[in-house]
Visitor: 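Once you've had a glance at the structure underneath, I'll fire off some questions.
Just so we're clear, the structure is a prediction, and the values are computed from it rather than from any experiment. Because only heavy atoms are used, hydrogens play no part in the values below, and waters and symmetry mates are left out as well, while side chains stay in.
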2 protein chains.
Amino acid sequence: MNVKKIIIPPVRREDVPAALASLGIAVTAQRVEIGAILLESMQHLSAEQVQARLEADGASASKATVYNTLGLFARKGLVRELVIDGSRVFYDSNPSDHFHFYNVDDGTLFDFPSSPVTLSNLPTPPEGTKLDKVDVVVRVTTK
Amino acid sequence: MNVKKIIIPPVRREDVPAALASLGIAVTAQRVEIGAILLESMQHLSAEQVQARLEADGASASKATVYNTLGLFARKGLVRELVIDGSRVFYDSNPSDHFHFYNVDDGTLFDFPSSPVTLSNLPTPPEGTKLDKVDVVVRVTTK
DNA sequence: GCGTCAATTTAGACTCTGTCTAGACTGAAC
DNA sequence: GTTCAGTCTAGACAGAGTCTAAATTGACGC
Ligand SMILES: [Mn+2]
Ligand SMILES: [Mn+2]
Ligand SMILES: [Zn+2]
Ligand SMILES: [Zn+2]
């Protein structure tokens with residue numbers, strides 16, 4: 001497999017088990033719940049927000065499971081980890097390449113509108129390393 | 001002041017008080033110590049690393065002072081806060097615009113070699129917000 | 001159905017970074 | 001030498017995330 005499989009939201013709840021399986025993620029009740037929450041739409045959720053939605057849905061998972069599951073999903077490429085503000089990590093249910101706006105005053109996080117942003121003349125990675133991913137965060141303040 | 005004053009390392013220890021003053025930072029013994037450490041060269045240090053170097057230099061400052069001082073320096077534009085990996089913030093003594101490589105395997109952080117990297121067609125910031133800064137982090141793994 | 005077993009989940013202790021508070025200290029101004 | 005605002009300090013506290021050891025799950029073979 002040279003081209004990485006990508007799952008793009010929205011994914012219907014009933015299709016979540018197959019989506020997990022297609023990425024080699026063993027299906028469990030908790031993983032389906034968490035997957036259904038994330039894949040409902042393209043969004044950016046913290047671990048705490050995921051756990052809050054679980055409760056709201058009448059489901060639940062321990063803190064350890066929430067963290068383990070989000071970490072697993074990120075390693076498998078189902079979601080993308082975003083390090084934005086040092087106080088918590090966000091998980092992005094849109095794993096395709098795109099950039100972000102972050103409002104430092106109110107903490108809101110947006111995707112760039114789809115537009116032909118280009119990053120040119122990227123230097124090659126240092127000797128002995130290979131590119132993993134490029135994160136672009138444009139920080140804005142409320143005017 | 002429309003163009004922001006920038007201090008570029010290295011700055012000799014004896015010149016640190018004037019550098020602080022020029023940015024409107026009141027000069028104190030602890031601020032000079034911390035400034036001297038950071039401005040010795042272009043580098044990326046965490047709060048913990050700054051405190052360790054203070055001890056190594058026979059100086060010291062409380063944890064609260066280290067954090068307060070780094071936050072103050074960042075607000076005044078002497079250093080730049082870098083959010084790279086969610087476990088701690090780095091302070092970059094090169095405040096001019098530049099991008100970073102981060103090796104996720106060993107935690108090393110490099111500046112891009114100076115090269116004409118360009119980010120084109122950046123969308124305009126969302127209504128009601130204005131651009132603060134653009135952070136580009138290229139994550140690499142050890143091959 | 002029943003036992004086995006590896007994978008998963010769990011509660012809660014723990015770690016770590018960073019913040020806060022309340023009092024002590026500093027030093028410039030008078 | 002008194003005052004006082006700004007700064008510094010120890011240590012309590014908070015919040016995100018990790019770890020551990022035990023309990024649970026569920027697929028599989030019988
Ligand atoms: Mn933090
Ligand atoms: Mn963290
Ligand atoms: Zn996104
Ligand atoms: Zn840098």
Visitor: Expressed in angstrom and rounded to an integer, what is the separation of A:Leu54 atom CG from C:dT10 atom P?
Guide: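 In whole Å, C:dT10 P and A:Leu54 CG are 10 Å from each other.
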Visitor: Any heavy-atom pair between the side chains of B:Val83 and B:Asp135 that's under 4.5 Å?
Guide: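 Side-chain contact under 4.5 Å: no.
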Visitor: Output yes when at least one side-chain N/O atom of A:Tyr67 is less than 4.0 Å from OP1 or OP2 of D:dG17, else no.
Guide: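 True: A:Tyr67 side-chain N/O within range (under 4.0 Å) of D:dG17 OP1/OP2.
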Visitor: If I take atom CG in residue B:Leu70 and atom P in nucleotide C:dT17, what distance separates them, rounded to the nearest angstrom?
Guide: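 In whole Å, C:dT17 P lies 14 Å from B:Leu70 CG.
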Visitor: Just the rounded figure in Å: distance from P of D:dA16 to CG of A:Leu45.
Guide: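 So the CG-P distance, A:Leu45 to D:dA16, works out to 14 Å.
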Visitor: Provide a list of protein-nucleic acid N or O atom pairs under 3.5 angstrom, restricted to nucleotides 23-30 of chain C.
Guide:
none

Visitor: With distance as the sole test, does A:Gln30 use its side chain to make a donor-acceptor pair with the main-chain N or O of A:Ser60 at under 3.5 Å?
Guide: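 Between the backbone of A:Ser60 and the side chain of A:Gln30 there is no qualifying donor-acceptor contact (under 3.5 Å).
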Visitor: If a pair satisfies ring-ring contact (aromatic ring centres under 6.0 Å, His included) and one of its residues is in residues 116-143 of chain A, list it, with sequence neighbours excluded.
Guide: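 Residue pairs passing ring-ring contact (aromatic ring centres under 6.0 Å, His included), neighbours aside: none found.
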Visitor: Distance check needed: C:dT19 C1' versus B:Leu72 CG, whole Å only.
Guide: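 To the nearest whole Å, that distance equals 16 Å.
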Visitor: Is there any ring-ring contact (aromatic ring centres under 6.0 Å, His included) pair reaching into residues 101-143 of chain A, and which pairs are they, with sequence neighbours excluded?
Guide: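 Sorted pair list: A:Phe99-A:Phe112, A:Phe101-A:Phe112.
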Visitor: Starting at OG1 of B:Thr69, measure out to CD1 of B:Ile34 and round the result to the nearest 0.5 Å.
Guide: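 Nearest 0.5 Å value for the OG1-CD1 distance: 4.0 Å.
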Visitor: Can you check the B:Arg88 CZ to D:dG17 P distance for me, whole Å?
Guide: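 Nearest whole value for this atom pair: 14 Å.
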Visitor: Using a 4.0 Å cut-off on heavy atoms, which residues in residues 73-82 of chain B reach DNA chain D? List them by number, or say none.
Guide: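 Those residues: none at all.
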Visitor: Kindly indicate whether the side chain of A:Leu82, heavy atoms from C-beta on, has any atom under 4.5 Å from the side chain of A:Val89.
Guide: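 They are not in contact (no side-chain heavy atoms under 4.5 Å apart), so the answer is no.
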Visitor: Quickly work out the B:Glu48 CD to C:dT15 P distance and round it to whole Å.
Guide: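 Atom-to-atom, B:Glu48 to C:dT15, this comes out as 15 Å.
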Visitor: Just the rounded figure in Å: distance from P of C:dC16 to CD of B:Gln49.
Guide: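 After rounding, the reported distance stands at 15 Å.
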Visitor: Would you check if there is a donor-acceptor pair between the side chains of A:Thr129 and B:Thr142 at a distance under 3.5 Å?
Guide: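 Not at all, the side chains of B:Thr142 and A:Thr129 share no donor-acceptor pair under 3.5 Å.
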Visitor: State which residue, out of B:Lys133, B:Arg80, B:Lys4, fulfils the salt bridge (charged side-chain N to carboxylate O under 4.0 Å, His left out) condition with B:Asp97.
Guide: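 Only one of B:Lys133, B:Arg80, B:Lys4 forms a salt bridge (charged side-chain N to carboxylate O under 4.0 Å, His left out) with B:Asp97, namely B:Arg80.
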Visitor: Can A:Ile25 be reached from A:Val50 by stepping across I, L, V, M, F, W or Y side chains whose heavy atoms are under 4.5 Å apart?
Guide: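 Yes.
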Visitor: Applying ring-ring contact (aromatic ring centres under 6.0 Å, His included) as the test, list every pair that has at least one member in residues 34-60 of chain A; sequence neighbours left out.
Guide: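 Every ring-ring contact (aromatic ring centres under 6.0 Å, His included) pair that includes a residue of residues 34-60 of chain A, provided the two are not neighbours, is A:His44-A:His100.
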Visitor: If you round to the nearest 0.5 Å, how far is CZ of A:Arg13 from CD1 of A:Ile37?
Guide: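 Answer for the CD1-CZ pair, A:Ile37 versus A:Arg13, is 8.0 Å.
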Visitor: Within this structure, what is the CD-to-P distance between A:Glu55 and C:dT10, rounded to whole angstrom?
Guide: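 One finds 11 Å between P of C:dT10 and CD of A:Glu55, rounded.
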Visitor: Could you list, one pair per line, each protein nitrogen or oxygen that sits under 3.5 Å from a nitrogen or oxygen of nucleotides 5-11 of chain D, together with the distance?
Guide:
unit_1 : atom_1 : unit_2  : atom_2 : d
D:dT7  : OP1    : B:Arg31 : NH1    : 3.2
D:dC8  : OP1    : B:Thr28 : OG1    : 2.5
D:dC8  : OP1    : B:Gln30 : OE1    : 3.0
D:dC8  : O3'    : B:Gln30 : NE2    : 2.9
D:dT9  : OP1    : B:Gln30 : NE2    : 3.4
D:dT9  : OP2    : B:Ser62 : N      : 3.0
D:dT9  : OP2    : B:Ser62 : OG     : 3.4
D:dT9  : OP2    : B:Thr65 : OG1    : 2.9

